[in-house]
Amino acid sequence: MSVALGIDIGGTGIKGARVNLATGELVSDRVKIATPEGAHPPDVLDVVQEIVDTLGHREDEPIGVCFPAVVTHGRTRSASNVSQEWIDFPADEYLTQELGQPIRMVNDADAAGFAEASLGSARGVDGLVILTTLGTGIGSAFLMDGVLVPNSELGLLEIDGELAEKRAANSAREREGLSFEEWASRLTRFYTHVETLFAPELFVIGGGVSSSHEKFFPLIEAGAPLVPAHFLNNAGIIGSALWATKPQD
Ligand code: BGC
């Protein structure tokens, strides 16, 4: 069985597991540790190291890491819910050096999209599929005929004078104590705006709250169908592991 470690760094928690690359199944415990206050690179590194140690990493086993920022050429370029030190930071190189193991880094929503296009809800769907993750922020992945177009950042769209993710992420629902009806009307505004711009065939929705999809999907009025991420909140872990073994472009 071909396996890799996937690690999903989020604004709230850092999660990791060993993944069967043929099926996307987790073949170890899923280890989760709270993101250290401020999410500074050395503190995040310590948690990643702890997760790798807990999972009992083998030397030749690839490790993929996803992160809530734009990632180009192994550098993190933005930092919405993490320390500003990650802006223009050589993250691939830093983690590779410190962990003593080649690491490949990818945006968290792109990792989830890659998993869903490879083995999940977006597999075999032609045209444009947009995956969004509803968590601390809103992440997005564009999948065109199954191919990932990275770093789309739809959570940073400005809608009605505010960043979409500040108003409509799951953290906004929790912070403001919104009912699912109230939250769904904000999500309708977001998804209809995205539809006006990009006309996707399908929306795939991930993030922790996607496991409660029956409570709010029916309340969202969007033209394109909405489906939950097949891998729910593990899509980032699974996509990172798959990404680690993807042939380099
Ligand atoms: C970041 C994205 C990320 C999303 C979900 C946003 O704040 O800008 O890069 O994908 O949060 O974590």
Side-chain angles (χ1 to χ4, degrees), residues 6-16 32-36 38-41 44 47-48 64-89 91-92 95 104-117 122 129-143 148-159 162-175 183 186-187 190-191 193-194 198 200 203-211 228-229 231-240 242-243:
I7 297 182
D8 181 351
I9 300 175
T12 315
I14 303 181
K15 312 174 282 244
K32 181 171 180 185
I33 297 177
T35 305
H40 301 289
V44 168
V47 173
V48 171
V65 177
C66 70
F67 192 80
V70 169
V71 181
T72 58
H73 310 292
R75 294 179 90 89
T76 42
R77 301 277 179 186
S78 62
S80 308
N81 294 302
V82 288
S83 156
Q84 301 291 300
E85 291 154 80
W86 291 96
I87 298 176
D88 205 22
F89 184 76
D92 259 15
L95 290 181
R104 289 180 80 185
M105 206 164 209
V106 58
N107 169 267
D108 54 0
D110 284 340
F114 190 62
E116 293 296 321
V129 176
I130 297 183
L131 171 136
T132 58
T133 56
L134 302 174
T136 313
I138 294 182
S140 61
F142 277 27
L143 304 155
L148 173 70
V149 182
N151 297 310
S152 50
E153 294 291 334
L154 293 185
L156 305 186
L157 273 177
E158 198 178 304
I159 304 179
E162 224 180 338
L163 285 187
E165 67 177 13
K166 289 279 169 288
R167 233 180 119 62
N170 190 44
S171 59
R173 180 182 70 84
E174 291 173 343
R175 191 175 56 242
W183 187 43
R186 295 187 184 189
L187 289 171
F190 171 66
Y191 287 111
H193 187 66
V194 169
F198 302 107
F203 284 115
V204 177
I205 302 186
V209 73
S210 57
S211 54
F231 296 115
L232 299 172
N233 203 24
N234 288 335
I237 295 178
I238 296 162
S240 304
L242 294 172
W243 191 261

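When reading the values below, keep in mind they use all heavy atoms of this one structure, side chains included, and skip hydrogens, waters and symmetry mates. Counting starts at 1 for both ligands and their atoms, in listed order.
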Acceptor/donor pairs from residues 7-15 side chains to any protein atom, 3.5 angstrom cut, sequence neighbours excluded:
{"unit_1": "T12", "atom_1": "OG1", "unit_2": "T136", "atom_2": "OG1", "d": "2.8"}

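In this structure, the side chains of L95 and F67 stay at 4.5 Å or more apart for every pair of heavy atoms. E165 is listed as a side-chain neighbour of N81, based on a closest heavy-atom distance under 4.5 Å. Between V129 and E116 the shortest side-chain heavy-atom distance does not fall below 4.5 Å. Residues S240 and V65 form no side-chain contact, since every pair of their non-hydrogen atoms from C-beta on lies 4.5 Å or further apart.
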Show the short N or O contacts, below 3.5 Å, that ligand 1 makes with protein N or O atoms; if there are none, say 'none'.
{"unit_1": "ligand 1", "atom_1": "7 (O)", "unit_2": "S80", "atom_2": "OG", "d": "3.2"}
{"unit_1": "ligand 1", "atom_1": "7 (O)", "unit_2": "N81", "atom_2": "ND2", "d": "3.4"}
{"unit_1": "ligand 1", "atom_1": "7 (O)", "unit_2": "E165", "atom_2": "OE1", "d": "2.8"}
{"unit_1": "ligand 1", "atom_1": "7 (O)", "unit_2": "E165", "atom_2": "OE2", "d": "2.9"}
{"unit_1": "ligand 1", "atom_1": "8 (O)", "unit_2": "S80", "atom_2": "OG", "d": "2.9"}
{"unit_1": "ligand 1", "atom_1": "8 (O)", "unit_2": "E153", "atom_2": "OE1", "d": "2.7"}
{"unit_1": "ligand 1", "atom_1": "9 (O)", "unit_2": "A69", "atom_2": "N", "d": "3.3"}
{"unit_1": "ligand 1", "atom_1": "9 (O)", "unit_2": "N107", "atom_2": "ND2", "d": "3.0"}
{"unit_1": "ligand 1", "atom_1": "9 (O)", "unit_2": "E153", "atom_2": "OE1", "d": "3.4"}
{"unit_1": "ligand 1", "atom_1": "9 (O)", "unit_2": "E153", "atom_2": "OE2", "d": "2.6"}
{"unit_1": "ligand 1", "atom_1": "10 (O)", "unit_2": "N107", "atom_2": "ND2", "d": "3.2"}
{"unit_1": "ligand 1", "atom_1": "10 (O)", "unit_2": "D108", "atom_2": "OD1", "d": "2.5"}
{"unit_1": "ligand 1", "atom_1": "12 (O)", "unit_2": "D108", "atom_2": "OD2", "d": "2.6"}

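Classified by interplanar angle (parallel below 30°, tilted 30° to 60°, perpendicular above 60°), the ring pair F114/W243 is perpendicular.
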